[in-house]
Amino acid sequence: MSGSSLAELCWLFCWPPWPSRIAAKLAFLPPEPTYAVAAGGEASGGGLLRLSERADWQYTQRELDSLEVFFARTRRGRRIGCMFVRCAPGSRYTLLFSHGNAVDLGQMSSFYVGLGSRIDCNVFSYDYSGYGASDGKPSEKNLYADIDAAWTALRTRYGVSPENIILYGQSIGTVPTVDLASRYECAAVILHSPLMSGLRVAFPDTRKTYCFDPFPSIDKITKVASPVLVIHGTEDEVIDFSHGLAMYEQCPRAVEPLWVEGAGHNDIELYAQYLERLKQFISHELPVS
């Protein structure tokens, strides 16, 4: 949709079904849950992870048994599923990973084990409201409350201090990541296929942020005080490469970005330079305390 007038945009986003519902339809595609948390739960502080076949687990029972799962309560009253992947017990850093819009923790669990092992980091992740074992419904407000609860759980339950936390957001996961990073300083931020805002994804010709624009990360990124690595595929068919470029240009402490030539939205991890750039960033470019 090109040349959209302000009146047309207001009609679309300011009349029923209301911006929040439109944002949910545009951004959230929760799959059928691929895991369950059994025996224990909140009473004992944790539970046992039960993966379905659709989770496509790629490791042994030993690695599966090492995954710690539990529930955290958000300020909006939701109960969200959380997972701690102890890939590198002696590592300084833990990734607080916010995943994409069409997966849950079960589907991401093998990826977390592989990623953490290769870049020497532990991984802490969570499911958004309405995803996996988390209750409620996905929404922009819940998204921000969800990552706040995850941040608090990582700090209090595992004693990880902010200077040892790397916030990693992928696709829609960059939205809560940027929001949190704009309010709290941490070791670093990694934005994987970020979006400027919801309206700019739906209507690429949008040049400013309107009051009804969901996920306005482009306006929050200027407040991020931590080092930021932006990663984006040049042939991204979902979130155009221009979004990553704009986010990079607005970062006060951006490091050298990774533009993956020819990569789309869901295959950046298959390129060798992806892991190479992460290793270089984490091992050699972060400040030494």
Side-chain angles (χ1 to χ4, degrees), residues 13-14 16-37 40-47 68-84 94-106 108 124-158 160 162 165 167-186 189 194-195 197-199 209 211-217 219-221 223-224:
F13 279 84
C14 293
W18 311 114
S20 61
R21 295 186 183 180
I22 292 174
K25 290 181 179 178
L26 288 174
F28 301 113
L29 296 169
E32 287 295 317
T34 65
Y35 72 98
V37 180
E42 290 178 304
S44 64
E68 300 174 23
V69 290
F70 63 95
F71 291 104
R73 185 73 63 175
T74 77
R75 65 173 181 269
R76 292 174 60 82
R78 304 275 69 85
R79 192 182 74 154
I80 60 168
C82 298
M83 175 183 290
F84 189 79
T94 297
L95 300 185
L96 173 47
F97 200 109
S98 299
H99 59 64
N101 72 338
V103 294
D104 67 7
L105 289 178
M108 292 296 292
F124 182 92
S125 191
Y126 63 102
D127 264 336
Y128 312 128
S129 297
Y131 279 69
S134 300
D135 62 19
K137 293 182 179 180
S139 71
E140 183 176 9
K141 288 183 178 180
N142 277 340
L143 206 60
Y144 302 142
D146 296 341
I147 196 172
D148 276 0
W151 168 266
T152 299
L154 179 57
R155 294 197 59 195
T156 59
R157 185 185 181 96
Y158 294 100
V160 182
I165 298 174
L167 302 181
Y168 190 123
Q170 181 174 7
S171 190
I172 192 64
T174 63
V175 172
T177 296
V178 171
D179 182 77
L180 186 71
S182 71
R183 295 180 285 115
Y184 298 103
E185 193 166 356
C186 58
V189 179
L195 60 150
S197 72
L199 201 57
T209 302
C211 62
F212 47 82
D213 193 348
F215 318 127
S217 293
D219 297 328
K220 298 177 183 179
I221 193 65
K223 301 174 184 177
V224 176

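Note that these values count all heavy atoms, side chains included, but never hydrogens, waters or copies made by symmetry. Values in this document were obtained by computation on a predicted structure and should not be read as measured data.
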Practice problem: Looking only at non-hydrogen atoms, find the nearest pair between Pro30 and Pro138 and report the distance. | Solution: CG-CG, 4.5 Å

Quiz item: What is the minimum heavy-atom distance between Phe215 and Glu140, and which atoms define it?
Solution: N-OE2, 2.9 Å

Quiz item: For the atom pair OG1 (Thr156) and CH2 (Trp151), what is the distance rounded to the nearest 0.5 Å?
Solution: 11.5 Å

Quiz item: Which atoms form the tightest heavy-atom contact between Ser134 and Gly81, and what is the distance?
Solution: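 Minimum heavy-atom separation between Ser134 and Gly81: OG-N, 2.8 Å.
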
Quiz item: According to the salt bridge (Lys or Arg N to Asp or Glu O under 4.0 Å) rule, which pairs have a member within residues 174-183, sequence neighbours left out?
Solution: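 Listed by first then second residue: Asp148-Arg183, Asp179-Arg183, Asp179-Lys220.
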
Quiz item: Who passes side chain to side chain donor-acceptor pair (under 3.5 Å) against Tyr35, sequence neighbours left out?
Solution: Asp127

Quiz item: For Tyr131 and Asn101, what are the C-alpha separation, side-chain angles and deciding distance, and is it a side-chain contact (heavy atoms from CB on, under 4.5 Å)?
Solution: CA-CA 9 Å; Tyr131 279 69; Asn101 72 338; 4.0 Å; yes

Quiz item: So Tyr126 and Ser98, side-chain contact (heavy atoms from CB on, under 4.5 Å) or not? Walk me through it.
Solution: CA-CA 7 Å; Tyr126 63 102; Ser98 299; 2.7 Å; yes

Quiz item: Rounded to the nearest 0.5 Å, what separation is found between the CZ atom of Arg73 and the CZ atom of Arg78?
Solution: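 Going from CZ on Arg73 over to CZ on Arg78, the span is 8.0 Å.
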
Quiz prompt | With Ser129 via side chain to side chain donor-acceptor pair (under 3.5 Å) - residues at least two apart | solution = Asp146

Quiz item: What are the two closest heavy atoms between Thr34 and Asp104, and how far apart are they?
Solution: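 It is OG1-OD1, 2.6 Å.
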
Quiz item: With sequence neighbours excluded, what pairs up with Ser197 under the side chain to side chain donor-acceptor pair (under 3.5 Å) test?
Solution: Arg200, Asp213

Self-check item: Rounded distance (nearest 0.5 Å) linking atom CG of Asn142 with atom CD1 of Ile80
Solution: 9.5 Å

Self-check item: From CD1 (Ile147) to OG1 (Thr74), nearest 0.5 Å
Solution: 13.0 Å

Quiz item: What is the minimum heavy-atom distance between Thr174 and Pro194, and which atoms define it?
Solution: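 Taking Thr174 first and Pro194 second, the nearest heavy atoms are OG1-CA, 3.5 Å.
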
Quiz item: Which pair of non-hydrogen atoms, one from Cys82 and one from Phe124, has the smallest distance, and what is that distance?
Solution: CB-CZ, 3.8 Å

Quiz prompt | Distance (rounded to the nearest 0.5 Å) between Leu180 CG and Cys186 SG | solution = 7.0 Å

Exercise. Side-chain contact test, heavy atoms from C-beta onward, threshold under 4.5 Å: evaluate it for Pro162 versus Glu185 and give yes or no.
Key: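 Pro162 does not reach Glu185 side chain to side chain.
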
Quiz item: Sequence neighbours excluded, which residues qualify as side-chain contact (heavy atoms from CB on, under 4.5 Å) partners of Ser125?
Solution: Phe97, His99, Leu105, Tyr112

Quiz prompt | Residues which pass side-chain contact (heavy atoms from CB on, under 4.5 Å) with Val160, listed by chain and number, not counting sequence neighbours | solution = Thr94, Leu154, Tyr158, Asn164, Ile165

Quiz item: Residues in salt bridge (Lys or Arg N to Asp or Glu O under 4.0 Å) with Asp219, at least two apart?
Solution: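 In terms of salt bridge (Lys or Arg N to Asp or Glu O under 4.0 Å), with neighbours along the sequence ignored, Asp219 is linked to no residue.
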
Quiz prompt | side-chain contact (heavy atoms from CB on, under 4.5 Å) against Lys223, all qualifying residues, sequence neighbours excluded | solution =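 Counting only residues at least two positions away or on another chain, Lys223 forms a side-chain contact (heavy atoms from CB on, under 4.5 Å) with Ser182.
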
Self-check item: Pairing residues for Tyr128 by the side chain to side chain donor-acceptor pair (under 3.5 Å) criterion, not counting sequence neighbours
Solution: none

Quiz item: Should Arg157 and Phe84 be marked as a side-chain contact (heavy atoms from CB on, under 4.5 Å) after you check the CA-CA gap, both sets of side-chain angles, and the distance that decides it?
Solution: CA-CA 10 Å; Arg157 185 185 181 96; Phe84 189 79; over 6 Å; no

